[in-house]
Chemist: 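One structure follows; several queries about it will come next.
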Amino acid sequence: MNVKELKQKILEVIMESTETELKVTEDTTLYEEMGLASVEAYVLLSDLEEAFGVRIPASALRNVRTAGDLCTLVIGEMS
Amino acid sequence: MTVKTERPETMRKVLEMLEKKQKGNRVFRYMEDSRIIEISAEQFFRDIRRTAELLETYNLAGRHIGIMGRNSYGWLVSLCAVFWTESAAVLLDREISSDELNGRLTKTDVSGIIYDSEVSDTVRKAGLCGEISRIPMEKQTADEEENNDGLSFYVSSRHISEIQKGMDKRKTGHSGDSLACIFFTSGTTGGSKAVMMSEQGLTAGICHRINDRGFHSLLAVLPFHHLSGFSSALNALYLGAEVCIASDIKYFYRYLEYMKPDYVFVVPSMLGMLARKLKNGGPNGRNLGWDLHLINCGGAEFRPEFLQMLLDRDITVLQGYGASEAGAIGFLWEMTPDRPDTIGKPPAEMEIKIIDGELYVKSDALMTGYYGEKEETEKVLRDGWYATGDLCRMDEDGFLYITGRRKNLIILSNGENVSPEEIERKLYQYNDISEVMVCAEGELITAQIYPAYPEESTPQERERIQEKIREEIGHYNRNQPVYRQIMKLRFLEEPVGKTSSGKILRHRSQEEQKNEC
């Protein structure tokens, strides 16, 4: 899987986990556009962990605003 | 038949009572990856005694002892060990910065701090390193393996030398009036306030049957450093139930599936995600592997749009209303569709009155005051009554409804209170910000900023200053938990509206901004 495909897969997990009706792109903001509460963002991390076999500390969310930031986070943990 | 409520005078005596009451029972469960660890009452009290002996050895007994870390079995053991030695527990939010930690420890005269490995960096950077010794505490699980709690002590060197001299300053014989616990709550001005709870205030808030719904297993989700977090866990033990510890909110659904608690405390911000999961979850979430029968939702305004869905899945919903300063006796009302916005009626253990539209409460669980802040205490505690700062009305049937807030506090749906003034004070450290007003737009903390533009600045210069402010807000955000971060930024064309005495006109300014948009 190349990086582009991997990012697409991550975005799919985000959409499935949050059951959002939005078409989520890398630029989609989690809290403003998707309207996630902070606790929902934490729970989303566990779905990403399970889907990609990584461990993401909750503190990493401090630097996350967009779905693209989450992609960078997951890919970073995978490498 | 009325069950008698037994209420010892001190937390030490409460623990001695619980030891007898829970003998032979499983009292805790928690998860390590997909493994469920079970803790018996015998092990729990053995661990409390061992930790208490350690506190005695380092001459911390009877002193103020900080506890900082994620929700864990070790955290609760530490708290109970502090109570066992008749010391005062100072509860610290694991998400605060090193500077804030230093401030809080100094403010509350802490002599030692128990902390877990996740906050070791924060503790190390708090500037305590030069004077303290670190003493790792070994914890044993039922399998005699070292667990991963990694609890450690920092003990000030002053006390180490006292130990070496063989001095023993330990107080003996706590009474109901003795200080048992200090925890922090957001003040309306300046920094957080340190709320003092006496022994009897805590025992009153733990040894009651307000919550007695016949549940077997509580999932403890609320952070233990909040009063409602640890008191609900100890109250569950008092009622004869066990506690499943949610160590990491990330794995909330996993805990519901694997440990199958029948009761969970949540905050309103969790109702939406629960509703999504339960949509096809079946009765009590059975299709998801859950066995959920009872939800207690508190900390912020309830979201009634989710009530019917939960009731349709045979889940009883209780709404909790209270204030940290009022202690762990609060309103607890079973929600029904005919009155989705009431906080209900007060429990028998509480008296209420409404003065000038503001709710006042009185019970044995009230705080004794704010540590080191007599004036601030006198503003809210009068003749045994606590002024909640909440505006309310009562209907003809005695049901209460919260209609607004007197205090200037942002209450988020995750139950956290955020002081706008506290954030504004921090933002004023950036010289590019001339004036700032912090408010909430929905759930998003918003900063309305009037930049420090030079006189006759060009549009390009103004844009450059705005960009610099965006970077500075980013810097501020990186040191804050997500719920306290500034999510929206608005640049004002004019200074923020103020009264003649210089106070920000918050409601008028927000209205003006809405009109501008």
Side-chain angles (χ1 to χ4, degrees), chain A residues 9-78, chain B residues 33-34 70 94-95 97 118-119 121-122 221-223 246-257 266-277 279-280 299-300 303 412-416 441-446 473-489:
Chain A
K9 181 78 186 143
I10 294 169
L11 293 177
E12 282 168 16
V13 171
I14 292 171
M15 283 189 279
E16 198 180 308
S17 170
T18 59
E19 296 187 29
T20 180
E21 287 169 3
L22 286 181
K23 173 78 179 90
V24 174
T25 67
E26 286 187 62
D27 293 329
T28 306
T29 53
L30 302 182
Y31 305 110
E32 279 186 83
E33 289 172 280
M34 290 181 69
L36 293 188
S38 53
V39 64
E40 291 176 289
Y42 286 123
V43 171
L44 168 56
L45 287 186
S46 74
D47 286 340
L48 289 168
E49 286 183 347
E50 201 165 330
F52 298 100
V54 295
R55 204 62 183 246
I56 308 172
S59 56
L61 274 182
R62 288 191 177 197
N63 298 318
V64 166
R65 281 287 176 280
T66 65
D69 292 338
L70 276 180
C71 291
T72 306
L73 192 56
V74 171
I75 293 170
E77 293 296 330
M78 287 174 82
Chain B
D33 296 319
S34 54
R70 64 192 164 94
R94 65 189 172 94
E95 299 216 67
S97 66
E118 279 195 18
V119 296
D121 270 355
T122 304
V221 167
L222 304 180
S247 309
D248 191 337
I249 195 65
K250 260 194 299 184
Y251 306 121
F252 177 63
Y253 297 139
R254 186 186 296 181
Y255 301 142
L256 287 172
E257 185 188 345
V266 299
V267 289
S269 63
M270 296 172 77
L271 288 176
M273 59 186 229
L274 263 180
R276 279 200 305 275
K277 271 289 191 186
K279 205 162 46 175
N280 299 311
R303 296 174 66 179
L412 299 171
S413 68
N414 68 356
E416 295 284 358
E441 290 183 12
E443 285 293 304
L444 303 178
I445 296 190
T446 302
I473 298 294
H475 175 259
Y476 162 83
N477 277 345
R478 277 191 289 279
N479 292 305
Q480 297 297 318
V482 173
Y483 73 85
R484 269 216 312 244
Q485 292 180 347
I486 291 166
M487 295 291 184
K488 274 178 141 177
L489 204 51

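Labels below follow one simple rule: chain letters A, B, ... track the order of the sequence lines, proteins then strands, and each chain is numbered from 1.
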Chemist: Return yes when atom CD of A:Glu16 has more than 12 non-hydrogen atoms of other residues, nucleotides or ligands closer than 6.0 Å, and no otherwise.
Modeler: no
Chemist: To the nearest 0.5 Å, what is the distance between OH on B:Tyr251 and CD on A:Glu50?
Modeler: 9.5 Å
Chemist: Would you check if A:Val39 and B:Ile249 make a side-chain contact, meaning some heavy-atom pair closer than 4.5 Å?
Modeler: yes
Chemist: Sort out for me which of B:Gly474, B:Gly442, B:Pro481 touches chain A most, counting heavy-atom pairs under 4.5 Å.
Modeler: B:Pro481
Chemist: Specify the closest pair of heavy atoms between B:Arg276 and A:Thr18, including all atoms of both residues, with the distance to one decimal.
Modeler: NE-O, 3.0 Å
Chemist: Quick one: list whatever passes salt bridge (Lys or Arg N to Asp or Glu O under 4.0 Å) with B:Glu95, sequence neighbours left out.
Modeler: A:Arg62
Chemist: Which one of B:Gln485, B:Glu441, B:Glu118 has the most heavy-atom pairs closer than 4.5 Å to chain A?
Modeler: B:Gln485
Chemist: Which value, rounded to the nearest 0.5 Å, describes the distance between B:Lys488 atom NZ and A:Glu32 atom CD?
Modeler: 5.5 Å
Chemist: Name the option with the most non-hydrogen atom pairs under 4.5 Å to chain A; the candidates are B:Arg478, B:Met487, B:Glu443.
Modeler: B:Met487
Chemist: Are any non-hydrogen side-chain atoms of A:Leu61 and B:Lys250 less than 4.5 angstrom apart?
Modeler: no
Chemist: Using only non-hydrogen atoms and a strict under-4.5 angstrom cutoff, which residues of residues 19-28 of chain A touch chain B?
Modeler: A:Glu19
